[in-house]
Protein chains: 2
Amino acid sequence: MIILAPIMTELELYIHSSFGILEKKELSKISELFEYSKLKKGDFLLESGQKCNKLSFIQSGLLRMFALVDGNEITQWISTKGYFATDLASFVHEKSSRLAIHALVDTELYSISKENYDKIGEIVPQWHALEKQFIINCFITLEDRVFSHLSMSAEQRYQLFFENNKTLFNEVPLQYIASMLGMTPETFSRIRKNNIS
Amino acid sequence: MIILAPIMTELELYIHSSFGILEKKELSKISELFEYSKLKKGDFLLESGQKCNKLSFIQSGLLRMFALVDGNEITQWISTKGYFATDLASFVHEKSSRLAIHALVDTELYSISKENYDKIGEIVPQWHALEKQFIINCFITLEDRVFSHLSMSAEQRYQLFFENNKTLFNEVPLQYIASMLGMTPETFSRIRKNNIS
DNA sequence: TTAAACTCTTGATATTTGTCAAGAGGATTT
DNA sequence: AAATCCTCTTGACAAATATCAAGAGTTTAA
């Protein structure tokens, strides 16, 4: 892969903010492991039932992960620029995915195969520590999310999420956010009416 | 710490099943990093607001993690023999804990400090791989749990959990399981009445 | 071994949230 | 520019779940 300015920016930013500056040589070695691709709005990165054999770093755009349950789309998560997207269970255990991933807008990705992913740690030993930190943070985020379902009403979940993700509300269909928060679009709409601000 | 038979059994079992047999010397070095302790039923391993500065391996017994919200105890999780218990957010980021952890029955623990925990990887390099695997599995478990709140009714969550955790139902007050599944004890009781088996 | 404290259940009722149906406004396509 | 599809809203109603209150068994503690 040719090292493009964009990936240097986003990925570098990510790595830099995590464990400082790397040798240019190392950074280029890492970025060579990734493959650039584009998705048009609506394109699928992963279809339900497939094996998710790559991890994708979002250079720009938005991805939605969802599953089909009884004819209803359940939105698990929406991933934004600067984050990774994958079905971790499928990626790690090489089993078919319950989730589909599609692009909510035109999206640029840098994707890495499982095989290449394992090479990162060989190139940059600090990677393992970063990776661990990253997964732990994902874990904590999910723990908070479970907690919100145990202790909060739909309205409270809405308010908390709105405070922390205001920009997302202008970027994606609200029905997806509703689903992600565990409520119907109708309930979501009514809650919004009571929270005009 | 003197290496007792019990920790050899449970911890060894855990490590063995994960990455095979270690040199006895290494295993003993690891277990020396842990400290044995006992909790009586009702004793607290961690009180809400404290920093959780250790990770505890449960040799025997049961621990419940919960938070107090508006005077209601929200049970986040119940940990059993052979698993670790900690407030990961507090342990990793050294901030005060939202959760309290107490013993539901007399419980034996092997606890390790953050400082000593980091030494494990120095003694057994494979530890990092195991640790990563472990955290990922926890992540996947939580992801499934979130999914259950997005796509399932209280009754379905009950049924799923019951199928996978039948023994727990005879070991702990059911109200804790109800809370952990995100419903009141009354709803839980009514669901059980409809699921006599 | 009695009293107190838990734990679970059940009923009556209130609240929250979902379902169904219809329509308005925007965006996209032809 | 019209037709079509999306997206969001709203209303009426239904279903799921919570709340409150009381009571019956159990367990725990004095």
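Proteins get letters first, then strands, A, B, ... in listed order; numbering begins at 1 in each.
Residue B:G42 is classed as having no contact, given no heavy-atom separation below 4.0 Å to the nucleic acid.
A cation-pi arrangement, defined by a distance under 6.0 Å to the six-membered ring centre and an angle within 45 degrees of its axis, is absent between B:R192 and B:F169.
Regarding A:E155, its CD atom lies at a distance of 15 Å from the P atom of C:dT15, rounded to whole Å. Atom P of nucleotide C:dT17 and atom OH of A:Y158 are separated by 14 Å, given to the nearest angstrom. As rounded to whole Å, 14 Å separates atom P of C:dT10 from atom CD1 of B:I191. Per the geometry, CG belonging to A:D70 stands 15 Å off P belonging to C:dG18, to the nearest Å. If you take CG of A:L104 and P of D:dC6, they are 15 Å apart, rounded to a whole angstrom. One can place CG of A:N72 at 7 Å from P of C:dT19, the figure rounded to the nearest angstrom. Going from atom CG of A:L174 over to atom P of C:dG26 covers 15 Å, rounded to whole Å. To the nearest angstrom, P of D:dC8 lies 14 Å from CE of A:M183.
Distance from the side chain of A:E186 is smallest for C:dC20 among the nucleotides D:dT17, C:dC20, C:dT9. Nearest to the side-chain atoms of B:R190 among the listed nucleotides C:dA12, C:dT9, D:dT7 stands C:dA12. Listed nucleotides D:dT9, C:dT9, C:dT7 differ in distance to B:Y176; the shortest reach to its side chain belongs to C:dT7.
Ring planes of B:F44 and B:H102: tilted class, angle from 30 to 60°.
One finds no side-chain N or O of A:T187 lying less than 4.0 angstrom from the OP1 or OP2 phosphate oxygen of C:dT17. Phosphate contact (OP1/OP2 of D:dT10, side-chain N/O of A:K193, threshold under 4.0 Å): present. When the side-chain nitrogen and oxygen atoms of B:T184 are compared with OP1 and OP2 of D:dA18, one or more of them lie within a distance under 4.0 Å.
Around NZ of A:K51, the count of heavy atoms belonging to other residues, nucleotides or ligands within 6.0 Å does not exceed 12.
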Short N/O separations, protein against nucleotides 27-30 of chain D, under 3.5 angstrom:
| residue | atom | partner | partner atom | Å |
| --- | --- | --- | --- | --- |
| D:dT28 | OP1 | B:K41 | NZ | 3.1 |

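Checked against B:S56 for a side chain to side chain contact (heavy atoms under 4.5 Å, CB included), the options B:I112, B:L109, B:I101 give a single hit: B:L109. Here the options are A:F84, A:Y36, A:Y117, A:Y110, the test is ring-ring contact (aromatic ring centres under 6.0 Å, His included), and the partner is A:F57; only A:F84 passes.
A salt bridge links A:K114 and A:E94; the closest N-O separation between the charged side-chain nitrogens and carboxylate oxygens is under 4.0 Å.
The main-chain N or O of B:L104 is never found under 3.5 Å from a side-chain atom of B:R64 such that the two would form a donor-acceptor pair.
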